[in-house]
Amino acid sequence: MLKMNHISKIFPGVKALDDISIEIGQGEIHGLVGENGAGKSTLMKILSGAYTLDEGEILIDGERISNTSPARMIEKGVAVIYQELMLLPHRTVAENIYLGRLPKNRFGKVDYKKMEKDAEEVLNRLNLQLDPGEVIENLSVARRQMVEIAKAMSRNAKIIVLDEPTAVLSDNELEGLFRIVKELAQKGITFIYISHRLKEIFELCTHLTIMKDGKKVESGKVEDYTTDMLISRMVGRDLTDIYPKREQSPGETVLKVTGLTRKGVFENVSFELRRGEILGIAGLAGAGRTEILRAVIGADPADAGEILLEGKPVRFKNVREAIRAGFGIVPEERKTQGLMLKQDMVYNTTIPALGRYKSRLGTLNLGMEYKETGRYVDMFHIRPGNPRTVTCHMSGGNQQKVVLAKWIAADCKILLVDEPTRGVDVGAKQEIYEILNELIARGLSIIMVSSELPELLGTCDRIMVMNEGVQTGVLDIEECSEELIMSFATK
Amino acid sequence: MAEVSKRKLFKNSLARTKSMGMFWALILICLIASVISPNFLKASNIVNVIRLVSINGIIAMGMTFVVLTGGVDLSVGAIVGVVAVSVAMMFQRNVPVILAVPAGLLIGAVLGTINGIGITKGKLAPFIMTLGSLTALQGVSLYLANGSPQNWRKSTIDFKFLGQGTLLGIPVPVYIFAAVFLLSFYVLKYTEFGRSVYAVGDSREAARLSGINTGRVEALCFVITGFLSAVSSIILISRLSVGEPTAGDGYELDALAMVYIGGCSTSGGSGSVIGTLIGAILLSVISNVLNLLGVSPFLQKVVKGLIIIGAVLLEKHGKKSKNA
């Protein structure tokens, strides 16, 4: 069905892909795994025609495709669905599906009726309960992904590439996506599936290919692998346990939240955070997890509730006040909320507490800033190691380390982390957990929101579970299991 | 690390502004100019080149702040007009310089504040807010001056030094321009406020979640442009001995040209006043060379336009080859 033979791609100074050959049969769901920077995305960009290949060839149904370009690959039935979806947010589902080839009447006017009817047909074929007239903006991320799949199907795509589709999905939505993918695969559509979550590879895929440093390690059937085998081959070393242990146990209560409510979002949430503790917040998407964090730090107004910080009542009017009181925030969207991507590591690390580098006249001591940032670079093994590296050139894991470094530099006391390892490869994940432990050792307290249950189970002391804005329980880690959390999350 | 030399820092800042290419272009043009016209390298001509750009250059320094936040200020030229007319009319009524000048500066700062409030509290796009104030303020100065230039020949006020005087053989406006540049450079690089300007332009949300008062930072940038427009306006009326309501028309475009040639990103977050300085001098040198060559002023406009496009193309292209 699809053959990629001896593909190489060279960027100035880097061999991004080195002699990769992959063969994928019709109706396969082929997992592509590897650490960040292994070359998965580059390979898919070659398949989609976004990059031209320097060496090698692509064959679809035995036909050699020369002069690849995005338009040509679409014509040959290749559709790539990226993590950042390519939909027009203010347009309807139907318009997005038929974008670039809207049905028109003789005078060039768009035939909306026909378009909506066609769109409905495609959606029905996929068993999707979606209104073709709905505006994309009003849909959840999961449903937008469905629209992308519908768009690919309407173009008679034969090969659909899903690039980390589940990073933003809750478990429920995940099941929906998997169901559709499996159905389509049975009808003969071929899928290439990229994900950092190995569990999904085992759940969904039939075959897989492991990549490392721009080379193919091996391909095979999913049955022949175990998680440990996959990890050791991806990383090139054994990760006995990616969740490092902590020695100390939590101390006194530093933060006490009682009856916190935001109408229509979450209600009557109460919890305590102790010194040196990681409190997890679990729940499906839309359970109100991120919103609780936002209300605590005053990013959104709370309608009711009391917050005691070290015994004193506080009510922050804005994020600035919370930061001054000792809060740090590692937001969900690293690239838009966590970092200033055009600035270097030094700027990003020192920004919340610039006052510490000021002389009496208010002049910043650039040398001191540089030195301090250099310390974090060494401490956290941030790569590349030059503190003057502009953050947009860094990998996701290293970017996240910079976001963490900035709150340590600001000497925060309570750190709120939201999906700290999203889009981060296994090796960097472990390093991030180690950094969190290091923070705990320094006497910080952490609240962590995560969609990955193994991560919560591996790092937290206690886990609070939310279900559609209602707090369903706070569980001690000893009594916890994935099944138990899920039962509380769907109660 | 603390003993990084000042020179190295300056060099680094130059490289980091991405205006390195423009810097070499400037050197190249100067070399060509000195070959074509032996007069070019004469001290008097060099001083003249910088004097000519001082008035617009001061505004461009302020504009750099606004552009770094991702905004744009179209009202600077109109503020120049309002301040020019108001100060000239105060002179007509024999208001002493020591009162009239600060009053003029205050008017500039207040007008900038109004822009800032409209943009941050009213949540208007900077383009729209300042387009509105541009139009309204043009009307204000025409109305105040009844459409005609205001001079103060009949009064006892002598106000020539700022615009026409020299110190040690160098025109006073050059000193003011240099001072504004150095101060802007210092503020952007060495103060918390300057850092916040970059942060806001890069990602408003990330800046807010890092504890920056984004609204205040953004509004302050418009106060700075308003204030510097007033500075420039006061030098202008001193030079011309007259306050024209339309004195500043088109200044916003000149200032923006300097800023963008200097390598500032239209979306904010990257650029520097060093770049803007290079952009300003580059434009002035080119018009000087064209004058020395006797090229028609109409054609000079064409050349200026092409340079704006060429400079940004060059920067884009340079960026691409670096990232690939």
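Throughout, a chain's letter reflects where its sequence line sits, starting with A, and its residues are numbered from 1.
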We want to know whether [X] and [Y] form a side-chain donor-acceptor pair, criterion being a heavy-atom distance below 3.5 angstrom.
{"X": "T363(A)", "Y": "Y186(B)", "value": "yes"}
{"X": "T391(A)", "Y": "K342(A)", "value": "no"}
{"X": "S395(A)", "Y": "N398(A)", "value": "yes"}

Exercise. Is a side-chain N or O of R262(A) found less than 3.5 angstrom from the main chain of P301(A), in a donor-acceptor match?
Worked result: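 Such a contact is found between R262(A) side chain and P301(A) backbone.
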
Problem set entry | Side-chain (W407(A)) to main-chain (I329(A)) donor-acceptor, under 3.5 angstrom |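 Checked: pair present.
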
For this session: Give me the contact list for residues 200-228 of chain B versus chain A, heavy atoms only, anything under 4.5 Å, ordered by residue number.
Result: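 D202(B), S203(B), E205(B), A206(B), A207(B), R208(B), L209(B), S210(B), G211(B), I212(B), N213(B), listed by number.
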
Problem set entry | Per-residue contacts, residues 109-122 of chain B versus chain A, heavy atoms under 4.5 Å |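 Within residues 109-122 of chain B, no residue comes under 4.5 Å from chain A.
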
Under 4.5 Å from any heavy atom of chain B - which part of [X]:
{"X": "R294(A)", "answer": "side chain"}
{"X": "E321(A)", "answer": "neither"}
{"X": "L364(A)", "answer": "both"}
{"X": "K358(A)", "answer": "side chain"}
{"X": "S359(A)", "answer": "neither"}

Exercise. Honestly, is R195(B) close enough over Y347(A), meaning NZ or CZ under 6.0 Å from the six-membered ring centre and within 45° of the axis?
Worked result: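 That pair qualifies as a cation-pi contact.
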
For this session: State whether Y51(A) and K9(A) meet the cation-pi test: NZ (Lys) or CZ (Arg) under 6.0 Å from the six-membered ring centroid, and within 45° of the perpendicular axis.
Result: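 Yes, a cation-pi geometry holds between K9(A) and Y51(A).
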
Exercise. For E310(A), which residues count as a salt bridge (Lys or Arg N to Asp or Glu O under 4.0 Å) partner, sequence neighbours excluded?
Worked result: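 E310(A) satisfies salt bridge (Lys or Arg N to Asp or Glu O under 4.0 Å) with R275(A) once adjacent residues are dropped.
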
For this session: Would you please name every residue forming a salt bridge (Lys or Arg N to Asp or Glu O under 4.0 Å) with K406(A), sequence neighbours left out?
Result: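 By the salt bridge (Lys or Arg N to Asp or Glu O under 4.0 Å) rule, K406(A) matches no residue at all.
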
For this session: Of all the heavy-atom pairs spanning C264(B) and V67(B), show the shortest one and how long it is.
Result: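 Answer, listing the atom of C264(B) first, then V67(B): CB-CG1, 3.8 Å.
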
For this session: Please work out which of the three classes, parallel, tilted or perpendicular, describes the rings of F380(A) and Y376(A), given edges at 30° and 60°.
Result: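 Because their plane-to-plane angle lies in the 30° to 60° range, the rings of Y376(A) and F380(A) count as tilted.
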
Exercise. Between V180(B) and L183(B), is a side-chain contact (heavy atoms from CB on, under 4.5 Å) present by the stated rule, with each step listed?
Worked result: CA-CA 5 Å; V180(B) 168; L183(B) 195 65; 5.9 Å; no

For this session: Give, as side chain, backbone, both or neither, the part of F193(B) having an atom under 4.5 angstrom from any heavy atom of chain A.
Result: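 Interface part for F193(B): neither.
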
